[in-house]
Each structure stands twice: as structure tokens, then as C-alpha cells.
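Worksheet: one structure, shown below.
Chain letters run A, B, ... following the sequence lines, proteins first, then strands; residues in each count from 1.
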There are 2 protein chains.
Amino acid sequence: MPKKFEDYKEKLKEIVKSKGLKYSTQREEILKVLYNSKEHLTSEEIYNEVKKINRNIGLATVYRALAFLEEQGLINSISFGSEGKKYELNRGKHHDHMICINCNKIIEFFDEELEKLQKEIAEKHGFKLIAHELNMYGICKECQDKKS
Amino acid sequence: MPKKFEDYKEKLKEIVKSKGLKYSTQREEILKVLYNSKEHLTSEEIYNEVKKINRNIGLATVYRALAFLEEQGLINSISFGSEGKKYELNRGKHHDHMICINCNKIIEFFDEELEKLQKEIAEKHGFKLIAHELNMYGICKECQDKKS
DNA sequence: TTATGTGCAAACTCTTTGCATTACC
DNA sequence: GGTAATGCAAAGAGTTTGCACATAA
């Protein structure tokens, strides 16, 4: 079952506390925007969204919060093409991306075999694999249908 | 056997001609810098390198040439972390990257099985795969040895 | 000759930083 | 009360664009 926002909020509180930092509603609001979004959002999109909740928030705060949240592993970023850096909530399940070069849609997927194979390849090179990011570019089903 | 620079130069000439554009030594010089480099270079690094050949070249020309060369498929770019966009000559063989998060070294590799598996995964989603980019992050052999 | 490519500088976009103020602990 | 976080504005970095000039075809 999907995690509730409270779970992420709790995690944020723990991190902040454990580091002797202070809790702020701004960071929470930014996290909430990402929680509520199914899309991957740019910093500016996040800024615009969070402004709907808190009209006084500053862009600098968004940047600082995003950097912080990413460092703490609460969110992830992905960047490709000319679309710039985009953020998503780390919902705990690693996944890779298929990106439609026609409509820019991002499809998330996970494949066990793919993960295993990568680990094997890394080992073969004596490389200690920590993370990876795979972006597959192409045309999604819908765009293929539309074009024909 | 590895391609000579003349081969790339020839390809550039063909492209330029076929598009009714004009040949310029600047684009050639930039291509040469990438040909001579085993590393992935940022725009600024390329600018500095090409200045050694042609001290009058402008940064804007480098940006315009890189965009052009990438569009034409002569070079590829890869961007990750905070290192920004880096370029490499397209030597005709697709490959993926292992990136050492300690020393920033980039190790290129190619794995047939991995390619096949991706194609299968794409098909399963009705996605028409055109290209992909896989970056594996971790610690390279040398850095592992150094740390122990 | 004529349109493309270049070099320069200015403009732009995105992101970061300094600083006074606010708000959490 | 003390320190981290914020909001604002200014500064920075990286990239793009306008324009006059140079150059390939």
C-alpha cells in the first residue's frame, strides 16, 4: 500500500532532528508538492506549485530545500535533454525511465533482471556499484498510434 | 582499426555539403579536439583546448558548433551530477558509462546482453526504443584499492 | 556576390550567495 | 536567546542572441 504524506513528513522530521537542525514548514511544503505530483517537476514548476500553498516562499528557499532533500535522499533528480533537472519524490522503489521524445512523457519501470545484469557487469570491471540511472529514449505507444 | 581524423573530417564535409551549408575550420578544430581527447570534455574545456590551435575562436562559436555537431550525430553529450554537460566524439560504437563518484573517472563499457534486455523491456511496454543512456555510479577499482 | 559562419559583447536563464529578519528549539 | 532557515536582491555561472564583419561557395 502506498505511503501517506505523514510518513515522508515523519522521515523529514527525524532527519532534521538527528542533525540538530530546525524544522521548517517550507521544506515540508516542497516535499508535499512532490508527494502530490505524479510528474517529474523542475525547480521552477515546484516553485510555482508551492506558491499556491505559501505565496510568500522565495525561489532561493526552493533551491536550498531541493538540495537539502536530495542530499538526505528524500527526493531524486533526473536530468536529460534540454529539459533541465527534474525532481521526484523518492517513494522507496528504485526505477528507471523511458522518455518519449515526442511528447516528453516519462514512463517509470523496474526490471529485476536488468538490475542483476548491471551488478554483474560492474563486478566484471572491479567496479563497486552504488547507484545507476538508465534513461531509454524512444516513442511511447500512444505517440506511435497517433502517428500512424 | 581505429578511425583516422580524416574520416571524421570527411563525414563533416559531407554533412555540411548535403545541407548546403559552408565549411568552417572552427567546426573542424572543435571536432579535432574531441578526436584527440580520451576524456569527456565540458564546453569550457573544449574552448580552452581549441584556443591552443586557434587563439581567435570565440566561445559562442564553440557552443554553436557543439550544438551543430551533436545534432548531426558526430558527437554525443552526457551530463550527470554537478559536473555539467560533457561531450565526446561519436566513434561509432555505442557504449555506456561507469562513473567513479570518488575520482570522477568515466569508464566506458558495452554489453551485448544489456542492450538486448533493454530492447525486450521496451517492447514489453509497447515503447519503440531509439536510444538509451545508462550511467552506473560507484567506486572504481583504483579508488577501492587506495582506500583500503 | 550572397548567404553562412564567426567574434564580440550584451542579454538571458538558471542557480547561488550575502545579509537582515524570522522562527524554531 | 541563540542558531538555523527564510526572503529578498544582487551576484555568478553557463549559455544564447544580435549584429557587423569575414569567408566559403
Atom pair distance, as rounded to whole Å: [atom1] in [X] and [atom2] in [N]:
X: B:Leu59; N: C:dA10; atom1: CG; atom2: C1'; value: 14 Å
X: B:Leu66; N: C:dT6; atom1: CG; atom2: P; value: 11 Å
X: A:Arg55; N: D:dG7; atom1: CZ; atom2: P; value: 14 Å
X: B:Tyr63; N: C:dT13; atom1: OH; atom2: P; value: 16 Å
X: A:Leu69; N: D:dA5; atom1: CG; atom2: C1'; value: 13 Å
X: B:Glu70; N: D:dT15; atom1: CD; atom2: P; value: 12 Å
X: B:Lys85; N: D:dG14; atom1: NZ; atom2: C1'; value: 12 Å
X: A:Phe68; N: D:dA4; atom1: CZ; atom2: P; value: 13 Å

| query | Which residues, if any, of residues 12-37 of chain B bring a heavy atom under 4.0 Å of DNA chain D? | reply |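 Under 4.0 Å from DNA chain D: B:Lys22, B:Tyr23.
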
Show every donor-acceptor pair shorter than 3.5 Å between a side-chain atom in residues 56-74 of chain A and any protein atom, with sequence neighbours excluded, or say none if there are none.
from    : atom 1 : to      : atom 2 : distance (Å)
A:Glu70 : OE2    : A:Ser77 : N      : 3.4
A:Glu70 : OE2    : A:Ser77 : OG     : 2.7

| Residue pair B:Glu45 / B:Tyr87, side-chain donor-acceptor N/O under 3.5 Å |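 Short answer, no.
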
| request: Please determine if a side-chain N or O atom of B:Ser43 lies less than 4.0 Å away from the OP1 or OP2 oxygen of D:dT15. | output: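 Checking D:dT15 against B:Ser43, a side-chain N or O does come within under 4.0 Å of OP1 or OP2.
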
| field | Lys/Arg N to Asp/Glu carboxylate O, A:Lys93 vs A:Glu108, below 4.0 Å | value |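 Not counted as a salt bridge, because no side-chain N and carboxylate O are separated by less than 4.0 Å.
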
| task | For the side chain of B:Arg64, starting at C-beta, report the closest nucleotide among C:dC14, C:dC8, D:dT15. | result |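 Shortest atom-to-atom distance from the side chain points to C:dC8.
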
| said: So if I take every side-chain heavy atom of A:Ala60 and compare against D:dT15, D:dG7, C:dT17, which nucleotide ends up nearest? | reply: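 Among the listed nucleotides, the one closest to the side chain of A:Ala60 is C:dT17.
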
| said: Would you say that more than 12 heavy atoms from the other residues, nucleotides or ligands in this model lie under 6.0 Å from the NZ of B:Lys86, or not? | reply: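 More than 12 within 6.0 Å, yes.
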
| message | Does B:Glu120, at its CD atom, have more than 12 non-hydrogen atoms belonging to other residues, nucleotides or ligands within less than 6.0 Å? | response |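 Buried by this count: over 12 neighbours within 6.0 Å.
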
| request: Name the nucleic acid region contacted by B:Ile57, choosing base, sugar-phosphate or nothing; use a 4.0 angstrom heavy-atom cut-off, strictly under. | output: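 Sugar-phosphate only.
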
| query | Do B:Lys13's NZ or CZ and the ring of B:Tyr23 fall within the cation-pi criteria of under 6.0 Å and 45°? | reply |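 The answer is yes, since B:Lys13 meets both limits relative to B:Tyr23.
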
| If Ile, Leu, Val, Met, Phe, Trp and Tyr residues are connected whenever their side-chain heavy atoms lie under 4.5 Å apart, and connections chain through other members, are A:Ile99 and A:Phe110 in the same group? |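 As far as the 4.5 Å side-chain criterion goes, A:Phe110 and A:Ile99 are not connected within one cluster.
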
